[in-house]
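Keep in mind that this is a model prediction, so the values were computed, not measured. Below, read A as the first sequence line, B as the second, and so on, with proteins coming before strands; counting in each chain starts at 1.
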Protein chains: 2
Amino acid sequence: MRRYKIDSQGKRARVVKAARRLFVEKGYHSVTIPDIVAASGVSTGAIYNYFANKESLARYIHERTLADFQEMFEQRLESRSSTCEKLRAFAELVFDLAESEPDMMEYLLFMRHCEFMQNAAPICFTEPFQLIRQIVAEGIEKGEVKPGDFFISAVSYTGAILRPVELRFRCVLEKPLHDIAEELIANAWAAIKA
Amino acid sequence: MRRYKIDSQGKRARVVKAARRLFVEKGYHSVTIPDIVAASGVSTGAIYNYFANKESLARYIHERTLADFQEMFEQRLESRSSTCEKLRAFAELVFDLAESEPDMMEYLLFMRHCEFMQNAAPICFTEPFQLIRQIVAEGIEKGEVKPGDFFISAVSYTGAILRPVELRFRCVLEKPLHDIAEELIANAWAAIKA
DNA sequence: GTCTATAGCCCGATAGAC
DNA sequence: GTCTATCGGGCTATAGAC
């Protein structure tokens, strides 16, 4: 009852890892199959054994990356009850991933999936960001977030958190995110708290 | 004493306009010369008469777009004295441009210039964003912005302003930016005010 | 399953007429 | 200055041996 395509030497995973790194760095269209071959050490023929074509490889990477992020976010939310703490969980996850899984975080921040999927939803419409908006909406009901449009408050918060991560990757911010995390989280919360 | 290449019918400008739109939409590498020919109504030969190659067209567009933004920003700063008002000038410029010059604003937000210029400075290192940081630093000195690292406060503010613009372009935000501008500016200022 | 070699296609840039 | 037609290069995806 096993999958019909066995990946005995983890080649599939190596291709995925190398390709995501390259896609983020150079953009989907700039990455050639020979590039992926060189970076992963897996041959052209083997790549086409695991993926129908370059586009379906990109789609697979996209889905996996989003699903992994969503799972991590939900896991960290379990122990948090107040709105402030839940939003902090998002910020901390993002800051942690920027250090421990930079490929994943850069993908989420910078990847243009429209280069290979014409009519896919923007990332900010996907589950994790829907969840953020829901948390903010509940925060307004509970009186923890200032009254107003929950959408606007959610955007103000995530903007104040995600922009520093972008600038850290672009080497504009010199200090590691962990050193300035508390100040960033405080600023973001000050923008929307009741 | 005139330029040696005359552009009698504004073809050069039409190429620039069409190419910037296409570059933002599809990314540098996805845009082909035939695409630009179709979108601008200018022939291949004429395009190569005005620009040495595709890359130098992209560089020209990049420089012009940044310089235009910087000029507009400086102009709007002239009448503002307090830190809050200066930062508001930035926010209002960005919101206005998103409506009146969406191509320009999308270019500034989304364009990956590293696709055609390998070692160019990130946009956030360029003059307009240096200026923002300077304004915030002065605001801290004057006691208008809370004490701390001016870099962090500048990033928190611009993040809370630019993210909504991104989401508006991605059609995640349904309301026009002008309708929610005051709330966004208030949130961003709340994040960093003294 | 995995490899190498290559077919077939499309793009950027140019040549040469007007 | 502007056009159309085309060349050479480099890409994706496949063929066929192992």
Side-chain angles (χ1 to χ4, degrees), chain A residues 1-62 111-118, chain B residues 1-62 111-118:
Chain A
M1 211 57 168
R2 52 185 193 174
R3 306 278 296 179
Y4 56 93
K5 282 177 181 172
I6 306 299
D7 179 17
S8 50
Q9 296 149 63
K11 293 196 180 188
R12 189 188 171 99
R14 271 156 60 206
V15 169
V16 166
K17 195 173 166 59
R20 184 169 68 178
R21 171 80 257 141
L22 288 167
F23 284 153
V24 166
E25 262 173 25
K26 317 207 304 172
Y28 176 74
H29 290 285
S30 297
V31 177
T32 68
I33 301 295
D35 287 342
I36 301 174
V37 170
S40 67
V42 178
S43 71
T44 312
I47 291 174
Y48 278 95
N49 183 46
Y50 290 112
F51 300 96
N53 50 41
K54 186 176 156 187
E55 185 185 315
S56 93
L57 166 60
R59 284 173 185 271
Y60 177 82
I61 290 171
H62 187 76
M111 192 61 198
R112 306 179 157 215
H113 50 289
C114 49
E115 282 185 359
F116 53 92
M117 297 187 297
Q118 275 63 28
Chain B
M1 210 59 167
R2 54 184 193 175
R3 308 278 296 179
Y4 57 92
K5 282 177 180 171
I6 306 300
D7 179 16
S8 50
Q9 296 149 63
K11 294 195 178 187
R12 187 188 174 99
R14 270 156 59 206
V15 169
V16 166
K17 195 173 166 60
R20 184 168 68 179
R21 171 82 257 140
L22 287 167
F23 284 152
V24 166
E25 262 173 24
K26 317 208 301 173
Y28 176 75
H29 291 286
S30 298
V31 177
T32 67
I33 301 295
D35 286 342
I36 300 174
V37 170
S40 67
V42 178
S43 72
T44 310
I47 291 174
Y48 280 95
N49 182 44
Y50 289 111
F51 301 96
N53 49 40
K54 188 177 157 186
E55 185 184 316
S56 93
L57 166 61
R59 284 172 186 271
Y60 178 83
I61 290 171
H62 187 76
M111 192 62 198
R112 306 179 158 215
H113 49 291
C114 48
E115 282 185 359
F116 53 92
M117 296 187 298
Q118 276 63 27

Checklist entry - Can you tell me how far P of C:dC11 sits from CZ of B:Phe116, to the nearest Å? => result 20 Å
Checklist entry - With a 4.5 Å limit on heavy-atom distance, are the side chains of B:Phe51 and B:Arg59 in contact? => result no
Next on the checklist: By nearest heavy atom, map B:Gly45 and A:Gly41 onto DNA chain C; which one lands nearer the 5' end?
Outcome noted: A:Gly41
Checklist entry - Roughly, in whole Å, what's the span from CD1 in A:Ile33 to P in C:dT4? => result 15 Å
Checklist entry - Think A:Lys54 has a side-chain N or O under 4.0 angstrom from the OP1 or OP2 of D:dT14? => result no
Checklist entry - Can you tell me how far P of D:dA13 sits from CG of A:Leu57, to the nearest Å? => result 10 Å
Checklist entry - B:Asn49 has a side chain; which of D:dC3, C:dT2, D:dG1 sits nearest to it? => result D:dG1
Checklist entry - Is there side-chain contact between A:Tyr48 and A:Ile33, with heavy atoms separated by less than 4.5 Å? => result yes
Checklist entry - Shortest non-hydrogen contact from B:Glu115 to A:Glu115? => result OE2-OE2, 4.0 Å
Item to check | Length of the line joining B:Phe23:CZ and C:dG12:C1', which is rounded to integer Å | outcome: 12 Å
Next on the checklist: Can you tell me which nucleotide in D:dC3, D:dG1, C:dC3 comes closest to the side chain of B:Tyr50?
Outcome noted: D:dG1
Next on the checklist: For a 4.5 angstrom cut-off between non-hydrogen side-chain atoms, does B:Asn49 reach B:Lys11?
Outcome noted: no
Item to check | B:Tyr28 OH to C:dC11 C1', straight-line distance once rounded to whole Å | outcome: 12 Å
Checklist entry - Between D:dT14 atom C1' and A:Ile47 atom CD1, what is the distance in whole Å? => result 14 Å
Next on the checklist: In this structure, how many angstroms lie between the P atom of C:dG12 and the CG atom of B:Asp35, rounded?
Outcome noted: 8 Å
Checklist entry - Which one, C:dG12, D:dC3, D:dT12, comes nearest to the side chain of B:Pro34? => result C:dG12
Checklist entry - To the side chain of B:Thr44, which of C:dC3, D:dA13, D:dT4 is closest? => result D:dT4
Checklist entry - Taking only side-chain nitrogens and oxygens of B:Tyr48, does any of them come within less than 4.0 Å of OP1 or OP2 of D:dG1? => result no
Checklist entry - Relative to each other, are the rings of B:Phe23 and B:Tyr28 parallel, tilted or perpendicular (30° and 60° limits)? => result tilted
Checklist outcome for this item: Picking from C:dC3, D:dC3, C:dA13, the nucleotide nearest the side-chain atoms of B:Lys11 would be D:dC3
Next on the checklist: Base, sugar-phosphate or nothing for B:Val37? Non-hydrogen atoms, less than 4.0 Å.
Outcome noted: nothing
